[in-house]
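Presented below is the structure to which this report refers.
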Amino acid sequence: MYETGVVYLAGAGTGDPALLTRRCGEVLERAEVVVFEPSLSVELRELFPLGCERIEAVPAGVSSAVSGTLVDRAEEGKVVVRLYGGDPYHSRECVDEARALTREGIPFEVIPGVIPGVTAPTFAGIPLSPAADGGFSVAEFPLPGGGELRKSAYCRLAGEGSTLIFMTRSDRVSGLKSGLMAGGVSATTPVAIIEGGGSPSQRVIETTLEAAPDAADAPDSEVSPTPCVVVVGEVTRLRLELNWFEGRPLHGRRILITRPREQADRFARVLRELGVETLIAPTIRITEPEDWSPLDAAIEELASYAWVIFTSANGVRFFADRLRVSGRDARAFGKGARILAIGPATARALEDTLRIRADGVPERYVAEGILEMIPGEDLAGRDLAGQRSLIPRALEAREILPETLGERGAEVNVVPAYRTLPAEEADVERIRAEFGRGRIEMVTFTSSSTVRNFVEMLGEDFIGESMRGVAVASIGPVTSQTAREMGLELHLEAEVSTIPGLARAIVDYYRFSPAVDWRNPAPWVGHHE
């Protein structure tokens with residue numbers, strides 16, 4: 001145990017949470033303070049623990065101020081995580097900050113992370129070995145210490161067939177190419193300029209050294225310079241055959257997810273594997289009901305119900321938790337009780353939480369689908385008259401299922417197992433800004449409540465103006481109906497009302513609407529939003 005707090009100097013690697021080292025993930029889970037670079041991806045920031053103190057390392061390059069913060073928080077006995085892009089010891093700031101911690105006697109641990117210079121070529125489809133017969137060298141540009149590139153060993157190595165990799169900025173490409181050509185590197189040497197390597201927004205320009213563009217060449221003078229990796233050498237030609245990352249079906253698309261925070265990650269992972277840059281903006285949150293007594297009373301009489309119908313995975317989870325609180329388990333269900341699930345995710349939740357396999361899942365994952373399974377008699381051929389049916393669900397939901405079952409003679413008990421409320425942490429201004437910058441191509445809705453709260457959160461006037469040119473995707477017919485009622489133009493609906501089904505519908509929607517070919521775009525235009 002440390003007598004004071006401890007500081008973890010951790011490398012965030014590429015910025016993709018999926019590529020974070022396990023050790024980095026472990027210390028982030030325990031962090032009480034996170035000090036991070038402003039350029040850190042939104043997806044990584046979402047891994048910060050709720051309630052931890054978040055401090056941006058601003059201004060960049062002024063390590064003394066950051067060092068003081070690290071020392072102060074550690075002396076307060078806190079667990080501090082300092083996050084850097086790439087690898088910590090490839091950052092000059094990290095070295096200065098580590099020295100300051102040593103001087104003050106603060107314990108620290110350095111957690112390595114992969115550097116962009118090594119990973120970016122891989123994501124761009126450019127192998128560094130064994131295709132690079134002369135090996136490869138990785139360097140920062142401008143060279144540390146103010147060295148002149150034209151007089152450096154890098155120019156000689158390039159002439160001997162080595163691949164050169166420079167971590168630089170888009171506004172420094174002109175200086176880089178001038179220095180290399182002044183040092184004797186052929187103007188026709190193939191070059192790849194990689195921006196956002198490994199991220200869904202990755203862009204690659206394939207060119208020659210002489211024609212390599214600079215951000216300063218862009219017609220828009222307000223274009224901001226951004227980090228990039230420049231690969232110089234013959235191996236860049238292999239990208240034509242080996243480019244796998246940008247070949248994913250939805251590469252470069254930007255899609256807004258409105259699901260609750262605790263459920264958005266799974267959907268985001270599915271989309272990111274397809275190449276999507278996701279923006280998670282929960283419009284709802286799932287919480288317990290104001291009063292547990294109706295559900296508790298139903299659980300007390302659980303053995304008396306012939307039917308128990310679950311209409312969502314959330315309903316299953318809250319029901320299962322309350323069942324355990326009562327000291328009961330799956331044996332509390334009545335002998336011969338029929339347990340139905342509205343869809344495969346709900347059925348999977350039953351198996352995961354209660355170890356129960358649903359007796360039936362409808363072909364259509366809506367209330368009408370369940371009713372089609374029970375045309376007038378139950379699955380055993382018995383009349384529904386007098387049969388007790390329990391439906392644990394959200395406080396507010398469609399009434400067609402209980403009403404129709406009641407009309408058919410069943411005694412229906414609908415009890416609230418959870419509530420759907422507007423999201424507390426919704427960053428409305430951030431969402432508005434993303435729409436205003438034209439960064440969102442599609443908005444996805446996975447329930448009627450996500451639609452209603454989305455419109456209420458942003459306002460009907462803003463929605464009407466900002467949604468022009470933005471596709472609207474729905475998980476199923478009920479959500480689609482709500483979207484239309486709220487004034488949204490619907491562009492696609494999943495044939496199968498599941499997250500994988502919605503992902504397939506999105507792929508199909510974009511199948512004949514290909515993304516911009518970024519292999520040879522206008523130099524830097526649109527790359528630096």
Side-chain angles (χ1 to χ4, degrees), residues 1-120 138-140 144-145 167-169 196-199 226-227 229 261 265 280 425 427:
M1 297 290 293
Y2 295 107
E3 294 182 3
T4 66
V6 59
V7 178
Y8 295 97
L9 307 175
T14 66
D16 183 347
L19 299 177
L20 207 64
T21 66
R22 181 174 295 180
R23 179 58 177 161
C24 187
E26 288 173 353
V27 299
L28 268 179
E29 288 179 358
R30 297 189 284 111
E32 297 172 280
V33 181
V34 181
V35 183
F36 59 97
E37 303 296 327
S39 59
L40 199 70
S41 70
V42 173
E43 291 79 14
L44 262 181
R45 298 186 196 196
E46 290 169 355
L47 298 181
F48 297 175
L50 293 176
C52 77
E53 183 180 7
R54 304 176 181 213
I55 303 173
E56 285 195 2
V58 179
V62 181
S63 60
S64 58
V66 176
S67 298
T69 299
L70 299 179
V71 170
D72 290 344
R73 297 303 189 275
E75 288 182 338
E76 293 171 6
K78 294 182 178 179
V79 176
V80 184
V81 176
R82 169 69 162 105
L83 274 180
Y84 309 86
D87 181 83
Y89 274 1
H90 282 77
S91 163
R92 299 170 194 174
E93 288 80 10
C94 178
V95 174
D96 292 340
E97 290 158 16
R99 285 173 170 165
L101 294 172
T102 299
R103 286 194 299 269
E104 298 297 329
I106 302 296
F108 67 89
E109 175 185 329
V110 180
I111 301 173
V114 292
I115 61 173
V118 175
T119 57
V138 182
E140 291 184 359
M167 295 182 292
T168 186
R169 275 190 349 204
S199 72
T226 57
V229 173
R261 174 68 60 184
D265 286 345
I280 299 177
E425 73 276 22
D427 190 344

Once salt bridge (Lys or Arg N to Asp or Glu O under 4.0 Å) is applied, do any residues pair with Glu104, and if so which ones, sequence neighbours excluded?
none
Contacts of type side chain to side chain donor-acceptor pair (under 3.5 Å), residue Ser91, not counting sequence neighbours:
Glu93
Nearest 0.5 Å, please: how far is CD1 in Ile115 from CE in Met167?
4.5 Å
Salt bridge (Lys or Arg N to Asp or Glu O under 4.0 Å) partners of Glu76, counting only residues at least two apart:
Lys78
side-chain contact (heavy atoms from CB on, under 4.5 Å) against Ser41, all qualifying residues, sequence neighbours excluded
Glu43, Leu44
Identify the heavy atoms of Val110 and Tyr89 that sit nearest to each other, and give their distance.
CG2-OH, 3.5 Å
Residue set satisfying salt bridge (Lys or Arg N to Asp or Glu O under 4.0 Å) with Arg23, at least two apart, ordered chain then number -> Glu26, Glu109
Output all residues satisfying side chain to side chain donor-acceptor pair (under 3.5 Å) with Glu32, sequence neighbours left out; order by chain, then residue number.
none
Quick one: pull up OG1 in Thr102 and CZ in Phe108 and give me the separation to the nearest 0.5 Å.
4.0 Å
Note: Leu9 and Ala98 closest approach over all heavy atoms is CD1-CB, 3.8 Å
Is the shortest distance from a Lys or Arg side-chain nitrogen in Arg82 or Glu37 to a carboxylate oxygen in the other one below 4.0 Å?
yes
For Pro49 and Ala31, the nearest pair of non-hydrogen atoms, with its separation, is CG-O, 3.6 Å
For Leu40 and Arg45, work out which heavy atoms get closest and say how close.
O-NE, 3.2 Å
Show the numbers, then the answer: is there a side chain to side chain contact (heavy atoms under 4.5 Å, CB included) between Ile106 and Val80?
CA-CA 11 Å; Ile106 302 296; Val80 184; over 6 Å; no
Answer whether the closest heavy-atom distance between the side chains of Glu46 and Pro17 falls below 4.5 Å.
no
Passes side chain to side chain contact (heavy atoms under 4.5 Å, CB included), Ile280 versus Asp265? Steps please.
CA-CA 8 Å; Ile280 299 177; Asp265 286 345; 3.8 Å; yes
Report the residue from Val66, Val81, Val7, Leu83 that forms a side chain to side chain contact (heavy atoms under 4.5 Å, CB included) with Val35.
Val66
So which heavy atom on Gly11 is nearest to which on Cys24, and how close?
O-SG, 3.9 Å
Among all residues two or more places apart in sequence or in another chain, which pass the side-chain contact (heavy atoms from CB on, under 4.5 Å) test with Pro112?
Asp87
Can you give me the closest heavy-atom contact between Ala120 and Gly197, atom names plus distance?
CB-CA, 4.2 Å
So, using side-chain contact (heavy atoms from CB on, under 4.5 Å) as the criterion, who are the partners of Asp16 when residues are at least two apart?
Thr14, Ala18, Leu19
What's the verdict on side chain to side chain contact (heavy atoms under 4.5 Å, CB included) for Tyr8 and Val79, showing C-alpha distance, side-chain angles and the deciding distance?
CA-CA 8 Å; Tyr8 295 97; Val79 176; 3.8 Å; yes
Partner residues of Ser199 under the side chain to side chain donor-acceptor pair (under 3.5 Å) criterion, sequence neighbours left out
Ser201
Could you name each residue pair satisfying ring-ring contact (aromatic ring centres under 6.0 Å, His included) that touches residues 9-55, not counting sequence neighbours?
Phe36-Phe48
Please identify each residue that fulfils side-chain contact (heavy atoms from CB on, under 4.5 Å) with Arg103, with sequence neighbours left out.
Arg99, Ala100
Quick one: list whatever passes salt bridge (Lys or Arg N to Asp or Glu O under 4.0 Å) with Glu29, sequence neighbours left out.
none
Apply the test side chain to side chain contact (heavy atoms under 4.5 Å, CB included) to residues Thr69 and Val33: give CA-CA distance (whole Å), side-chain angles for both, the deciding distance (0.1 Å), then the verdict.
CA-CA 10 Å; Thr69 299; Val33 181; 5.7 Å; no
